[in-house]
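Reviewing the structure listed below.
Below, all heavy atoms of this structure are taken into account, side chains as well, without hydrogens, waters or symmetry copies. So that the names make sense, note that chain A is the first sequence line, chain B the second, and so on, each numbered from 1.
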Amino acid sequence: MEEIKSTNFIEEIIENDLQEGKTNEIITRFPPEPNGYLHIGHAKSLCINFGAKEKYHGKCNLRYDDTNPSKEDIEYVNSIKEDIKWLGFDWDQELYASDYFDQMYAFAVDLIKRGLAYVCDYSADEIKATRGDLQTPGQESPWRNRTVEENLKLFEEMKEGKYADGEKVLRAKIDMASPNMNMRDPVIYRILRATHERTGDKWCIYPMYDFAHPIEDGIEGITHSICTLEFEDHRPLYDWVKVNCGFGKEGYPRQIEFARLSMKRTIMSKRYLKKLVDQGVVSGWSDPRMPTLSGMRERGYPPKAIRAFCEAIGVSKANSEVDVAYLEHFVRDNLNKEANRVMVVKDPIKLIIANAQDEVYDIENNPNAEEMTYHKVTFSKELYMERDDFAVVPPPKYKRLVPGGTVRLKGSYIIEYVSHKCDENGNVTEVTCNYIPETISGQANAGMKVKGVIQWVNAKDCVDLTLHDYDYLLLDGDGDFDQRLTPDSHKVYPNAKGEAILREIKPYDRFQFMRIGYYSAVKTYGQDGKYEFNQITGLKDSYGK
RNA sequence: AGGGGUAUCGCCAAGCUGAUAAGGCAUGGGAUUCUGACUCCCACAUUCGCAGGUUUGAGUCCUGCUACCCCUGCCA
């Protein structure tokens, strides 16, 4: 038997349940409402639910909580699936809450028959006015004691479409004086004429979350229904529905709450993310600056890094704000282990190697790889180097090229300074060097001491990259977004053919704003599709320190 | 005197039935380096929201208190 150790309180609960023989299979579910794209916060939930499935050899269903047709959109369904797969998770069944509408209706009828639910004629405002408040009990509805027959008839008529939207609701008969607002005769069915993505116009009444969710869990045999903290107050209602609909024989399904993930200076609410998309502040839900999973994918974040991050932040009930640096750590860590390296010059100046001839090198894709692979890099008389890698007047501890100095071209020769040219403003435009023979790795003079190593690309076959600007967003008093663009149009030349993306991390300390995106990696795709190079640059840049 | 939660290092977070504060991130210092990256060393809470109490001994038990989060949708 493998020794499994719980790493958080939810796993501890699960393991106790397993040990005590309460169940022999763990079944969880991931229940997104299809009204937006998944973001990093969902990744935490995904990792908890699918993580339990993997760890305890159980099951996890993907279930769309589509009980409110007016808010949902089929567009999101596919994105959700794609993102879950991208993270590497597999669901057992793909289900929709709407699959259970008939059964939910039947359960509601049953509740009415047993005197546990009634049709209420109050308007939304009247319900609100009679609910009481945090310190005063609510008043019972005058329709609370209708006969079963009358309730049955009315509820059926609601279904038949005999009443206008909002004219009547079905309420659970619980306790108007309960200190828990959720238990003050909560509405469990409302009339809503909206075409449902899946059931069309079949229904004009729709169940509320609190009624629907325990039924969905019950039908699917969910053992652990894991959700976020704000549902703690709903648990008594969850249990009420569960028990009164005949579920919960073994105590399952059991609702467990954890603290949702929030991150410093990061917008995580779907409402605001949607606003960013709708206002055209970003190009869409997958804009690389978005904290969505698709945005992170676009940004070059490896899914494994996101998983490792979720694993590391743990699961607790304490509200907390994780620093973005923690996520970035796992991105760097994963990229360092798995990403192929490529040379990039962001702000190029010409580098002439006066005594050079054309050559081709095999350069390691990733020095950390277990099985080393290589890519070709061409070398010639005319190269580009980074402007910062040459200094006429070097700052203290400068480790790169200076007049009269030497430096190693990564993967190639050691070169020595000959001369340089400046434009009318005194900016360096070109540097000329000679390479020192026999200094390539493995050759006679390779052991020569140099101050540093610099990246370079061959001017003949380098490729232009698109460098995306970074930007800052301010959230003003009205909750609207104000975009602060900081234009920066470097050119980027990797020594591989094809597309590439580069985004930069920039500090953000001047305003009260939320940073929604930053650069993580450069990606280039070989023309033949053979190579995929990833360069970790800009992530932890300590140049010039 | 509404109810439900949470409080351990700048940020996460272990700490189960009391025995004298794990780990990661961040940070500072050093070594190493054909990526100023990575890696490797070293430093980093006499203290666990506060105040009392029980105990030989408390972050862990008891009693008060404080702070923050959630709840008055026919949203989820």
*Using the six-membered ring wherever Trp is involved, compare the ring planes of A:Y435 and A:F379 and label them parallel, tilted or perpendicular (cut-offs 30° and 60°).*
perpendicular

*Using the P atoms only, state how far B:A19 lies from B:A58, rounded to an integer number of Å.*
11 Å

_Going by the glycosidic torsion and a 90 degree boundary from 0, is the base of B:G73 oriented syn or anti?_
syn

*Distance, rounded to the nearest Å, where A:L237 contributes CG and B:C70 contributes P*: 20 Å

*Given A:S225, which of A:Q255, A:R235, A:R29 fulfils the side-chain hydrogen bond (donor to acceptor under 3.5 Å, both in side chains) condition?*
A:R29

*In whole angstroms, how far is the P atom of B:A37 from the CD atom of A:E328?*
17 Å

*asked:* Nearest heavy atom decides the nucleotide; on that basis, is A:D233 or A:S441 closer to the 5' end of RNA chain B?
replied: A:D233

*Output all residues satisfying side chain to side chain contact (heavy atoms under 4.5 Å, CB included) with A:E11, sequence neighbours left out; order by chain, then residue number.*
A:S6, A:T7, A:N8, A:E15, A:K55, A:Y56

*Can you tell me, in whole Å, how much space there is between the P of B:G10 and that of B:U47?*
13 Å

*Can you check whether A:R332 has a side-chain N or O nearer than 4.0 Å to OP1 or OP2 of B:A26?*
yes

*Check every strand shown and say whether A:Y398 touches a base, only sugar-phosphate, or nothing at a heavy-atom separation below 4.0 Å.*
base

Quick test: give all pairs of protein nitrogen or oxygen and nucleotides 74-76 of chain B nitrogen or oxygen below 3.5 Å, distance rounded to 0.1 Å.
| residue | atom | partner | partner atom | Å |
| --- | --- | --- | --- | --- |
| B:C74 | OP1 | A:R131 | NH2 | 3.3 |
| B:C74 | OP2 | A:R131 | NH1 | 3.3 |
| B:C74 | N3 | A:G166 | O | 3.2 |
| B:C74 | N4 | A:Y122 | O | 2.7 |
| B:C74 | N4 | A:A124 | N | 2.9 |
| B:C74 | N4 | A:G166 | O | 2.8 |
| B:C75 | OP2 | A:R190 | NE | 3.2 |
| B:C75 | OP2 | A:R190 | NH2 | 3.1 |
| B:C75 | O3' | A:R190 | NH2 | 3.2 |
| B:C75 | O2' | A:N68 | ND2 | 3.0 |
| B:A76 | OP1 | A:T67 | OG1 | 2.7 |
| B:A76 | OP1 | A:R190 | NH1 | 3.3 |
| B:A76 | OP1 | A:R190 | NH2 | 3.0 |
| B:A76 | OP2 | A:Y209 | N | 2.9 |
| B:A76 | O3' | A:D65 | OD2 | 3.2 |
| B:A76 | N6 | A:H234 | NE2 | 3.3 |

*Whole-angstrom distance between B:C75 and B:C71, as gauged at atom C1'*: 14 Å

*Which whole-number value in Å describes the distance from A:I454 CD1 to B:G36 P?*
11 Å

*For A:N180 and B:G73, give me the distance from atom CG to atom P, rounded to whole Å.*
14 Å

*Using both distances under 3.5 Å as the test, list the Watson-Crick or G-U wobble partner of B:U46, or none.*
none

_I need the CD-C1' distance between A:E12 and B:U17, as an integer number of Å._
12 Å

*Report the base-pairing partner of B:U6 (Watson-Crick or G-U wobble, both distances below 3.5 angstrom), or none.*
B:A67

*In chain order, what residues pass the ring-ring contact (aromatic ring centres under 6.0 Å, His included) check against A:F9, with sequence neighbours excluded?*
none

*Now, which nucleotide makes the Watson-Crick or G-U wobble pair with B:U72, with each of the two distances under 3.5 Å?*
none

*Across the strands shown, which category fits A:I440 at heavy-atom distances under 4.0 angstrom: base, sugar-phosphate, nothing?*
base

*A:Y384 and A:Q455 side chains, donor-acceptor separation under 3.5 Å*: no

*Kindly say whether, by distance alone, the side chain of A:R235 makes a donor-acceptor pair under 3.5 Å with the base of B:G4?*
no

*Nearest-angstrom distance, C1' atom, B:C50 to B:G59*: 14 Å

*Considering only NZ, NE, NH1 and NH2 on the basic side and carboxylate oxygens on the acidic side, decide whether A:D239 and A:R254 come within less than 4.0 Å.*
no

*Just how far, in rounded Å, is P of B:U27 from NE2 of A:H329?*
12 Å

*asked:* Please classify the nucleic acid contact of A:G138 as base, sugar-phosphate, or nothing, using heavy-atom distances under 4.0 Å.
replied: nothing

*Provide the distance between the two C1' atoms, one in B:C68 and one in B:G28, to the nearest whole Å.*
32 Å

*Does the ring center of A:F155 lie less than 6.0 Å from the ring center of A:Y189?*
yes

*Who are the side chain to side chain contact (heavy atoms under 4.5 Å, CB included) partners of A:Y209, not counting sequence neighbours?*
A:D65, A:H213, A:F231

*State whether a side-chain donor-acceptor pair under 3.5 Å links A:N336 with A:N368.*
yes

*What integer distance in Å separates A:I14:CD1 from B:C16:P?*
21 Å

*Any ion pair linking A:K81 and A:E94 (charged N to carboxylate O, less than 4.0 Å)?*
yes

*Using the P atom in both, what is the distance from B:C61 to B:A45, to the nearest Å?*
25 Å

_For the C1' atoms, the ones on B:C11 and on B:U27, what distance do you get once it is rounded to whole angstrom?_
12 Å

*Using purine N1 to pyrimidine N3 plus N6-O4 or O6-N4 for Watson-Crick, or N1-O2 and O6-N3 for G-U wobble, each under 3.5 Å, what pairs with B:C11?*
B:G24

Quick one: which protein N/O atoms are closer than 3.5 Å to N/O atoms of nucleotides 39-44 of chain B? Pair and distance per line, please.
none

_A:R63 and A:E216: CA distance, side-chain angles, deciding distance, salt bridge (Lys or Arg N to Asp or Glu O under 4.0 Å) verdict_ = CA-CA 9 Å; A:R63 182 176 70 224; A:E216 296 157 19; 2.9 Å; yes

_Between the side chains of A:R184 and A:D175, is the shortest nitrogen-to-carboxylate-oxygen separation below 4.0 Å, so that they form an ion pair?_
no

_A:K162/A:E160 ion pair, N-O < 4.0 Å_ = no

*Could you measure between the two P atoms, the one in B:A37 and the one in B:A7, and give it in whole Å?*
37 Å

*B:U32 pairs with which nucleotide, Watson-Crick or G-U wobble, both distances below 3.5 Å?*
none

*asked:* Do the side chains of A:R260 and A:E230 get close enough for a salt bridge, i.e. N-O under 4.0 angstrom?
replied: yes

Name the pairs: protein N/O against N/O of nucleotides 6-13 of chain B, kept only if under 3.5 Å.
| residue | atom | partner | partner atom | Å |
| --- | --- | --- | --- | --- |
| B:C11 | O3' | A:E321 | O | 2.9 |
| B:C11 | O2' | A:E321 | O | 3.1 |
| B:C11 | O2' | A:D323 | N | 3.2 |
| B:C12 | OP1 | A:E321 | N | 2.8 |
| B:C12 | OP1 | A:E321 | O | 3.3 |
| B:C12 | O5' | A:E321 | O | 3.3 |
| B:C12 | O2' | A:I313 | O | 3.0 |
| B:A13 | OP1 | A:S316 | OG | 2.7 |

*Report the distance from atom CG of A:L327 to atom C1' of B:G24, rounded to the nearest whole Å.*
14 Å

